[in-house]
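A short worksheet on the structure shown next.
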Amino acid sequence: MTDWTDPDTFAQALEQVETKEKGNCFEDFEEGDIIEHDPGLTLTQFGNEQWMGQTLNHDPAYWRTDAAEARGFEEPPVHPDYLTAATLGITVEDLSEKGGYFLGRTDVRFPGTPVYTGTELHVESEVVNRATSSSRPEYGIVSWRTRGKDAETGEVLCSYERTNMIPRREPVATDGSGAAAAEEEDDGPDLPDEFIAPEGGYFEDFVAALEEADDQNAAVAYRHERGRTQDDVTVASLPLATLNTAKQHHNVDVMSDSPSGDIVTYGDVTRSTALGHARSDEQTWREVGFDDESFHTFVAVGDTVYAFTRVLEAEDDASSDKAGTVTFEHIAFNQDDEPVYSGTRTAEIRKRSN
């Protein structure tokens, strides 16, 4: 009788059997399609605290009852970064498990009331655009509008639009129009003469810094001291806890032949870590939304994530008279000072006078 565990026999069997593939190709998506993602995910206290702790998001309103009540919450709510990551993670098996570059995400919003642990999350995505890639004929480009809902009430808790390159079953012919144009002469970056950092983390500090910058050729921009070196927990455990099944985060064998040579960090872990660094230097009241998010290069085990912030504007208008609204540009970078993530963020920042 054939011993299927004999190494030579098993190697031949592996070569001949069909692989039951996961994920969808570019051709499987049509504009207007609605995809109901299964399974859902219950947002847990453990998952929330693990995400916040590992990404250095230590805002006390998300940890302590007294701080939460002072902020107007019934109890410590789910952190918006954990909610965003869980919403995207659930979609990976249907949308992007085949691989392909994450080109960006925008219009990240939290339109509902505060979300508390124990909420069952149900997620759906709509295909809003698909296009061929002139530079990479083996890929297409797909955009989805994704909504994470309370499974019991149907209320939208988190929504965004993201765009990925998705492998095609069959490459298409290309005229080469996506080739890079000849480089023009570069006179160097057009940076301001001076960089100003706010004296503190309250709304008034950001307003004062912006007013000072307006009087001269200056920008309100600064870097944050903390860094977070990526380890097995941040690279593999956190994405798997949000049901993110992309092999890039947990399959070392497959990734050994990739450009990174190893598994890489889930983009929302990179993003949340950088935002955690930034939030540690401000008095955050509420998160409003995120736009124009891009991931510039991979982050792997052993890489360290740092953060840089530029303050774009401040308005004395918020959901509470205890806060004002500030728009930031955040850039995450690694130990080699290479940008790995960028995006704009709008948040309500506590006023000192209240």
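We count residues from 1, following the sequence as given.
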Next on the checklist: Can you tell whether the side chains of D268 and R105 come within less than 4.0 Å, N to carboxylate O?
Outcome noted: yes
Next on the checklist: Parallel, tilted or perpendicular: which one describes the rings of Y222 and H224, with boundaries at 30° and 60°?
Outcome noted: perpendicular
Checklist entry - Heavy-atom distance under 4.5 Å between the side chains of V264 and H249, does that happen here? => result yes
Next on the checklist: Any donor-acceptor pair under 3.5 Å linking the side-chain atoms of T91 with those of R162?
Outcome noted: yes
Item to check | Salt bridge flag under 4.0 Å for residues R130 and D33 | outcome: no
Next on the checklist: Please verify the inter-ring angle class for W144 with F29; under 30° counts as parallel, over 60° as perpendicular, anything in between as tilted.
Outcome noted: perpendicular
Checklist entry - Do T117 and E75 pass the side-chain contact (heavy atoms from CB on, under 4.5 Å) test, and can you show the C-alpha distance, the side-chain angles, and the key distance before you say yes or no? => result CA-CA 9 Å; T117 56; E75 59 186 76; 4.3 Å; yes
Item to check | Ring-face cation contact, F290 with R271, 6.0 Å cut, 45° max | outcome: yes
Checklist entry - More than 12 foreign heavy atoms under 6.0 Å from CD of Q216: is that the case here? => result yes
Next on the checklist: Parallel, tilted or perpendicular, judged at 30° and 60°: which one describes the rings of H58 and W63?
Outcome noted: perpendicular
Item to check | Verdict with supporting geometry, E199 and R352, salt bridge (Lys or Arg N to Asp or Glu O under 4.0 Å) | outcome: CA-CA 12 Å; E199 293 187 1; R352 180 182 285 104; over 6 Å; no
Next on the checklist: Ring centres under 6.0 Å, that's the criterion: do W285 and F203 meet it?
Outcome noted: no
Next on the checklist: Just so I know, are the side chains of T146 and V123 near enough to count as touching, which here means a heavy-atom distance under 4.5 Å?
Outcome noted: yes
Next on the checklist: Between K322 and E348, does any side-chain N to carboxylate O distance fall below 4.0 Å?
Outcome noted: no
Checklist entry - Taking everything shown except D232 itself, do over 12 heavy atoms lie less than 6.0 Å from its CG? => result no
Item to check | Test applied, side chain to side chain contact (heavy atoms under 4.5 Å, CB included); reference residue, Y82; option that passes from T55, T44, N57, L238 | outcome: T44
Next on the checklist: Between R147 and E124, does any side-chain N to carboxylate O distance fall below 4.0 Å?
Outcome noted: yes
Checklist entry - Can you tell if the side chain of L83 reaches within under 4.5 Å of the side chain of L121, non-hydrogen atoms only? => result yes
Checklist entry - For R279 and D81, what are the C-alpha separation, side-chain angles and deciding distance, and is it a salt bridge (Lys or Arg N to Asp or Glu O under 4.0 Å)? => result CA-CA 12 Å; R279 291 172 179 134; D81 288 3; 2.7 Å; yes
Next on the checklist: Parallel, tilted or perpendicular: which one describes the rings of Y62 and F73, with boundaries at 30° and 60°?
Outcome noted: tilted
Checklist entry - Do H330 and H277 come within less than 4.5 Å of each other through their side chains, counting heavy atoms only? => result no
Checklist entry - Honestly curious: do I349 and F110 fall in one hydrophobic cluster under the side-chain, below-4.5 Å linking rule? => result no
Checklist entry - Looking at side-chain heavy atoms only, is the closest gap between P76 and T65 below 4.5 Å? => result yes
Checklist entry - Salt bridge or not for K247 and E97, using N-O below 4.0 Å? => result no
Checklist entry - So, are D321 and K351 salt-bridged, with charged N and O less than 4.0 Å apart? => result no
Checklist entry - Does E36 CD have over 12 foreign heavy atoms under 6.0 Å away? => result yes
Checklist entry - Quick one: do the Q335 and D303 side chains pair a donor with an acceptor below 3.5 Å? => result yes
Checklist entry - Does any donor atom in the side chain of Q54 or Q50 lie under 3.5 Å from an acceptor atom in the other side chain? => result no
Checklist entry - Does a side-chain heavy-atom distance below 4.5 Å link D107 with R145? => result yes
Checklist entry - L43 and M52: same hydrophobic cluster, using ILVMFWY side-chain contacts below 4.5 Å? => result no
Checklist entry - Side-chain contact, heavy-atom cut-off 4.5 Å: D205 with E282? => result no
Item to check | E74 CD: over 12 foreign heavy atoms closer than 6.0 Å | outcome: no
Next on the checklist: Side chains of L312 and T344, heavy atoms from C-beta outward: is any pair under 4.5 Å?
Outcome noted: yes
